[in-house]
Structure formats: C-alpha cells, structure tokens
Amino acid sequence: MTKLYLSLAAMLAVMPASAQIEKLNPAGQLELKQYNLERKINSQSTTTTARIEQCLMELEEGADFAALESLGVELKSSIGSILIVTIPLDVMEQVLALPEVKQVSFGDIYTPTMNYGRPGGNVDAVQSGFDYNGSTCSFDGRGVVTGLMDTGLDPNHINFKDADGNLRVKRMFWLNGSAGSVLKYETPSAIEGFTSDNTSKTHGTHVAGIMSGSYNGAGTYAYMNKPTTGATLSITNGQIPYYGVATGSDIAMSGGSLTNSNILSGVQEIVEYAKSQGQPCVVNLSLGSTIGPHDGSSMFERALTTLAENSIICVSSGNDGDTPLSLQYAFSATKTQLKTCLTYADQSDTDDNRVNGGILDIWSSDSKPLTVSVGIVNKSTGKFTALGTVDGTTRSAYISGGEFGKYFSGSVSMTAGVDSNNNRFQVYISTTFSHLTSNNAQNYVAVTVTGESGTTAYLYGSSLCLRSKSFAGFTTGNAKNSINNIATADNVIAVGAYTTRNVWGRLDGNTLRYSSNDFIVGSIAPFSSYGKKFGGSQLPDVAAPGALIMSSYSTPYVNANVSDKNTMSAKATVNGKTYYWAGEQGTSMSCPFVSGTVALWLQADPTLKYSDVINVIKNTSVAPGFGEDTDRWGAGKIDALEGIKYVLANRAAIGSVFADNDERLVVNVAEGSVTAFVAGASQLTARLYSLGGSTVATAAGADSAEISTASIGSGVYILSVESDEGRFTRKIIVK
C-alpha cells in the first residue's frame, strides 16, 4: 500500500473524535488515519472498496453484539472476553462510538525472532534411552501435539514424515488474509496438496524442524569435527544428524501474516485440535515485538494467557540483547527530563537513514501524563528544537516538512492517551526519516520526556536505538528491557538463547565462523533479549541452544531462490524430491528447542500445566557459570534428561500418554517389551490381558518386572500389576 503524507492540519481533518479514537490501539489509530486519508483522496473513484480488517475487540460487561452486526462487524471467534472480529474500516468510527465497545486493536505486526543443539540440551539421551530405577526409558513426544504459528511453512518436508513416509503433520491452518479467513487442511491428501503459506520465507519450516523434525535418513551434509574455531570441514554421505527434539509427536501448523488476531486464531486452532484428539499440547511462538506495556495487560497477551489454560505456550525472548533500544527513567526533583537521540537499529551510529521506519513506545508507570516532544538537535551546538509535542491535553502530533523538512525527508506521527487495560499513560511514536544529502549529519532526530517526580518512564524501541550522540545531558539506551513484549504475558514460558557452536560448514565447501569473542560456546548468545516484566519478575525463564542451529528449509523457498542451494548445509533426495537443511540463529531457534523438550515431558505426564513446567525448569536447569549475567539466563540451560527424570520422580507417568492419580506405578512401553515399576514395592507380578480377558504374558520381580511382547500381536491390552503396595491396572498399546 502506497503511503501518502499531508500536513498536520490535513491529518487532523481525518481523525475521529478523541473519545472514540482512544478506544483504538495506537497502531490502529495510524492505520485508520491513513485509510481515511486515502479514502478522502480517492473519493471521486468509483472503484474504491471498503477495506475489511480483522481486529481484536473487547465489549463492556453485559453488552450485546447485535448493534455491531448491523454495522457489518462479524464475529470470528472468542478467547475468554477477547473477541476476534472483522470490521469494514469505513464504519470503524461508528463502531468505536458504540457504548457497547470497550476497545479495538489491529495493525500490530510481529516479526519472527541441531546436531550440536540436541546434546547441548541433553535431548539425545532422552531420545535414545536412559536408565530410570532399573528400567530403560526413552521419549520422543509420541501422543503429544506440537504446534506453531509462523510463516514460511512447508508441511511436506521430509523432516515431518515418519520412517514409513507418512505425514506427521495432522493439521495445517492457513490464515491467508486480513478478513479473518482460515483455510483448514485436515487430511493427508489435502496437506500434501498444500505448498506454503509464503514461498519467500522459510522461518517456520526451520523452527518446526527444531521442535519436531524427525528425518535422520540418508543424505549429504557438511560435517564439522567440533563446534568451535579450529574445526575441519568434510562433505559426508550418511545419516543426516539435523533432526529435532519431539521426533514422534503429532504436528499442527498455523501460518500466515503475523498480526495479533492471526496469531491468536492460529494458536486457538491448534489448541482446539489437540483438545478434540484428547492430546496434550505445546505451542511455539518464535515471534514477537519489543514494543508494548510489558505487563501482560493488552488484549493480545490476556488472550494468550487464556489459551495457555489448555496448552503450554513457549515464546522467544527476542533478538535485541545487544541493542540499546530501551530506557527506564525515574523522575525526581533533580531529574525532570530525559533526552535521547533516535537512530535506526539496523544502521551504523553515523547513518540515521531508514526506508521502513521504526517505533518508539513510551509508557508511564501510572496514569499521570508525560510530556513528550520530538524534534531536532543541532550537532554543533547541542541545541534541541521541539517540532511536535503530546501530553495530557494534546493527544496527537504529526511532523513533516517545514523545519523538519530542511534536514530530513519522511515524517513522525505521535499519539498519546491513558491505556484502558492498565491505566498507564502511553505515547506511541511512529517514524520514517532520512537525512537529506545536502544537510547530512547537521542535525539528529531527538526526543525529550518530562514527568512528575515519583513517576517512571519506560521507553521501548522497535528498529530504533536510543543514543546520546555525545550531547551533554542526553542519555544512551541499553538492552536491559529488550525482552519480547509477548513474553510478559502470564503463564507463557520465555526462552533465551545460548551458543552451542561458533563455526559451521556448507555444501559448497565453505566454512563460516562467528566472532569467537562474541559467540563463546556455552555462554549466552549476545543477541538474546532479557528484561523485567513491569512490576514483576526477570525474564527469560530459561535458555536453550540458539546459535547456530541446523534445521530444515522450506522446499518452495529454496526452489524459488535457486542461488541459495549451494549455501545449504545438508540435502537429501527421497523419491525423486530433494530436501534441504541449513543453519539459523536467534531465540527463534532456542524457543522450539524448549517447546520440543516440553513435549517430551508431556509424554511422560500429559497433565502438566504451566506452573508444573516452570517448576521442572527451575529444579533441573543447569545454572549459569561464575561470572555469567544471571539476568539473561533465567533458571539456566534447559536439561531435557534431568527434567524428565524430575517429572517421573514427582508425577510417575511414563511410556504412553497417561497419568495415574496413584503415582507409584511407572510403565515403559518399548519395542518387544513392557516394563512395570512400582515405587516402594518389594515384590510384584505383572500380567498382560487381551481385551477379551485372556492372559497373554506374565512376569514377576521385586519392584519391577519386564514382560516380553515379542510373541504377541500389536494392539490394545490391559496391564494388571499386583504388588505388596497395591493392585494397578492400565490400558496400553503394544506396537
């Protein structure tokens, strides 16, 4: 969509009344202004059609939806008190004016955030088998649904098929437009006919491969003899080692544009599918945004918390742990004003040009208004000139042309108000500016924030850095509150990243390296975000391997970018089709590692809730070493093996998906045998019965007994265990 910019007067002319607009989130306000502006300019066109936008909505308590339906508002779904609706933008102001409507939100966009990874988290031992109380146990996530909402999904990659070539992806949901449509692929043939939600992306395929990928068959891969500097590369033919964590799980994928409503709809579809199958569920969200209140209060975060009642949701912490995009400033009698310069995060310190722009989100600790001005500061004198100001009275400003236009092209839009979710004052600043060549570096864009003594201002940048530029009285930002805003929702698990390799190879024979000073194997990854939830705990909750992780690449993506094929790190040709793997870094990679690990734990006990998983993490993760910044690690490095032992010891469910109220019985169903263990028993007899009541096998022992199933057919059987600790029965599946 082409952006058109007018004067402040023209922008104000297309704004709805203040009381109405404050029901709409800031990003939505800017989108609505732009839409109204374009509609006004195109008013003479006979081809102009109303744009329909999917939104989040909350109604006043007891309100009826009928008045909304009369305006063309369509209810798509609900998550607790949060509604997912579609609204024609040409009636948005009428919708906002209704007394039934408490708030509406749209326009927020979120961005996407193994061979050395699996051993780093102790997953290999869980998959291959480990000893527990004399029994050999192994877990692969069987019976658990592993889901994700992402973009660039290829559900037909060989990484998502079992050893017999059957699809492990049981559902594919494609949210393919702004009007809330969901295309559902519910059968193997339908999924096989699906290509990708976005052939220009591969993020989701890579993430899903870490969480649930299972292919370890024949192929060609770039083998490094160690994960650190000094490693040697060889191109090897053999079993590809880049499979994931929950290799036996059922997979559900949701894909599409990453708007707040799409994300919630995608997660909801996965959770509802798992419920319909009677299976436990973990959902991965390797995406996020650095802006927002960071207190879990928005409609989006509250809806996620509701969805977490029926699933475990893991969220990446973010990739801005080395970026000065946040500030916290406490006002006092002697500290009355914060001043900082705005530069774009993907540019050097001396280059402030940006095409797509960035956002600065400012929140007060309470409802007391802040006075925020955006303007220019002269490089030679350090003098700041305010060009636009918002406060408790002036709720919007627009800067473009005029004095600003002498030095910059582009614009700055500002909105302000008290957020109804948390009663905190917010200023939202959207920017896109570039130095004019003739005046380059004579001035910088800057912001000042003034507040009452006792109030604290929280600044969060998205694609914006906060820098002093060496001006007296100006402050440089930091990464101390770089944490993903989504990660501050209640009852979600926030995941940071640590380094498990700093060197890797490609099929073209090239070896690539990180700076060994920045990416130290075993240490926190420099990009891993961290921070405090407003008024709450330090995040992330735990860290997992995230630099650099090998995983599957979307086949449609690779085929559309043929030049990338030689940069891959592995490939396999199966039934005439070639599939690829390559490396990526980020908390987008560490998050699915944790999601897959949680799936292993859920196989052991499908009754685990968020609080249980957090308890396992806190009691079994490997604490950071001496000298490490503990604020960035959470509980430390996740340990899948110690975690599952903790689950077994405290919940005592093992093998197939079940949990027993009496936690003394442990059952392991393996190929060719069933082992029963009763905690505290000194003698027991285990019998296997057919559903017809016939005894098919028996074994005895002290506290455990192993029944051979090699001579009986696959199917459902009844296991009966008699011991001096009591009698137990369990329905099991022998394969």
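The figures here come from the full heavy-atom set of this structure, side chains too, leaving out hydrogens, waters and symmetry mates.
- Atom CD1 of residue I483 and atom CG of residue L539 lie 5.0 Å apart, to the nearest 0.5 angstrom.
- Scanning all heavy atoms of the two residues, the minimum distance from G596 to A246 falls at O-CB, 3.8 Å.
- Y273 OH to D250 CG: the interatomic distance, rounded to the nearest 0.5 Å, is 5.5 Å.
- Taking CD1 from I263 and CD1 from I84, the interatomic distance works out to 10.5 Å, rounded to the nearest 0.5 Å.
- Side chain of N484 to backbone of S316: a donor-acceptor contact under 3.5 angstrom is found.
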side-chain contact (heavy atoms from CB on, under 4.5 Å) between F300 and L264, worked out | CA-CA 7 Å; F300 180 84; L264 291 177; 3.7 Å; yes

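- The shortest distance between side-chain heavy atoms of L56 and L83 does not fall below 4.5 Å.
- With sequence neighbours excluded, no residue satisfies ring-ring contact (aromatic ring centres under 6.0 Å, His included) with F173.
- For residues 191-212, no pair satisfies salt bridge (Lys or Arg N to Asp or Glu O under 4.0 Å), with sequence neighbours left out.
- In this structure, I251 and K170 have side chains that are not in contact, with every pair of non-hydrogen atoms separated by 4.5 Å or more.
- F519 is listed as a side-chain neighbour of P526, based on a closest heavy-atom distance under 4.5 Å.
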In sequence, state the C-alpha distance, the side-chain angles, and the governing distance for N284 and T146, and then conclude on side chain to side chain donor-acceptor pair (under 3.5 Å).
-> CA-CA 8 Å; N284 186 86; T146 52; over 6 Å; no

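- In this structure, H206 contributes its side chain and I549 its backbone to a donor-acceptor pair below 3.5 Å.
- V95 is listed as a side-chain neighbour of L68, based on a closest heavy-atom distance under 4.5 Å.
- With hydrogens and angles ignored, the 3.5 Å screen pairs no side-chain donor or acceptor of S590 with any backbone N or O of P545.
- For Y243 and W581, the gap between ring centers reaches or exceeds 6.0 Å.
- Between E38 and R51 there is no salt bridge, since no side-chain N of the basic residue sits under 4.0 Å from a carboxylate O of the acidic one.
- If you check the side chains of R168 and S214, you find a donor sitting under 3.5 Å from an acceptor.
- Judged by distance alone, the side chain of N502 and the main-chain N or O of R513 form no donor-acceptor pair under 3.5 Å.
- Here the rule is side chain to side chain donor-acceptor pair (under 3.5 Å) with Q54, and of N262, T86, N260 only N262 fits it.
- Defined by atom type and a distance below 3.5 Å, a donor-acceptor pair is present between the side-chain atoms of Y514 and Q585.
- Formation of a donor-acceptor pair under 3.5 Å by the S554 side chain with backbone atoms of T202 is not found in this model.
- A donor-acceptor contact closer than 3.5 angstrom is absent between the side chains of T259 and S257.
- Two residues are said to be in side-chain contact when any heavy atoms from C-beta on lie closer than 4.5 Å; Y215 and V574 meet this criterion.
- Nearest heavy atom pair, residue C591 against residue S286, reads CB-OG, 3.7 Å.
- Annotation: side chain of R171 is not in contact with side chain of I270 (no heavy-atom distance under 4.5 Å).
- Atom NZ of K565 is surrounded by more than 12 heavy atoms from other residues, nucleotides or ligands within 6.0 Å.
- Listed for the D164 side chain is no donor-acceptor partner under 3.5 Å among the backbone atoms of N166.
- Within the model, atoms OH of Y110 and CD1 of I486 stand 5.0 Å from one another, a figure rounded to the nearest 0.5 Å.
- Between V503 and R501, the shortest heavy-atom contact is O-NH1, 2.9 Å.
- Residues S77 and Q268 have side chains that bring a donor and an acceptor to within less than 3.5 angstrom of each other.
- With N176 contributing its side chain and G256 its backbone, the two residues share no donor-acceptor pair below 3.5 Å.
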Take D154 and T205 through the test side chain to side chain donor-acceptor pair (under 3.5 Å) and record every step on the way to the result.
-> CA-CA 6 Å; D154 174 13; T205 304; 5.3 Å; no

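- Side-chain contact check for S254 versus V267: every heavy-atom pair is 4.5 Å or farther apart.
- Separation of atoms CG (L548) and OG1 (T500) is listed at 8.0 Å; rounding is to 0.5 Å.
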Tell me, with the steps shown, if K184 and E269 meet side-chain contact (heavy atoms from CB on, under 4.5 Å).
-> CA-CA 9 Å; K184 300 182 181 183; E269 292 286 2; 3.3 Å; yes

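- N491 places no side-chain N or O within donor-acceptor distance of the main-chain N or O of T305, the cut-off being under 3.5 Å.
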From CA spacing to verdict: side-chain contact (heavy atoms from CB on, under 4.5 Å), L175, M149 | CA-CA 10 Å; L175 296 95; M149 174 66 197; 4.3 Å; yes

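- No side-chain heavy atom of V169 sits less than 4.5 Å from a side-chain heavy atom of F194.
- Atom CZ of R506 is separated from atom OG1 of T511 by 9.5 Å, given to the nearest 0.5 angstrom.
- Listed for the S196 side chain is a donor-acceptor partner under 3.5 Å among the backbone atoms of N198.
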Tell me, with the steps shown, if M253 and L148 meet side-chain contact (heavy atoms from CB on, under 4.5 Å).
-> CA-CA 5 Å; M253 295 180 171; L148 76 162; 3.7 Å; yes

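- Side chain of T431 to main chain of G358: a donor-acceptor pair is present (N/O by atom type, distance under 3.5 Å, no hydrogens or angles).
- Residues satisfying the ring-ring contact (aromatic ring centres under 6.0 Å, His included) criterion with Y579, sequence neighbours excluded, are H157.
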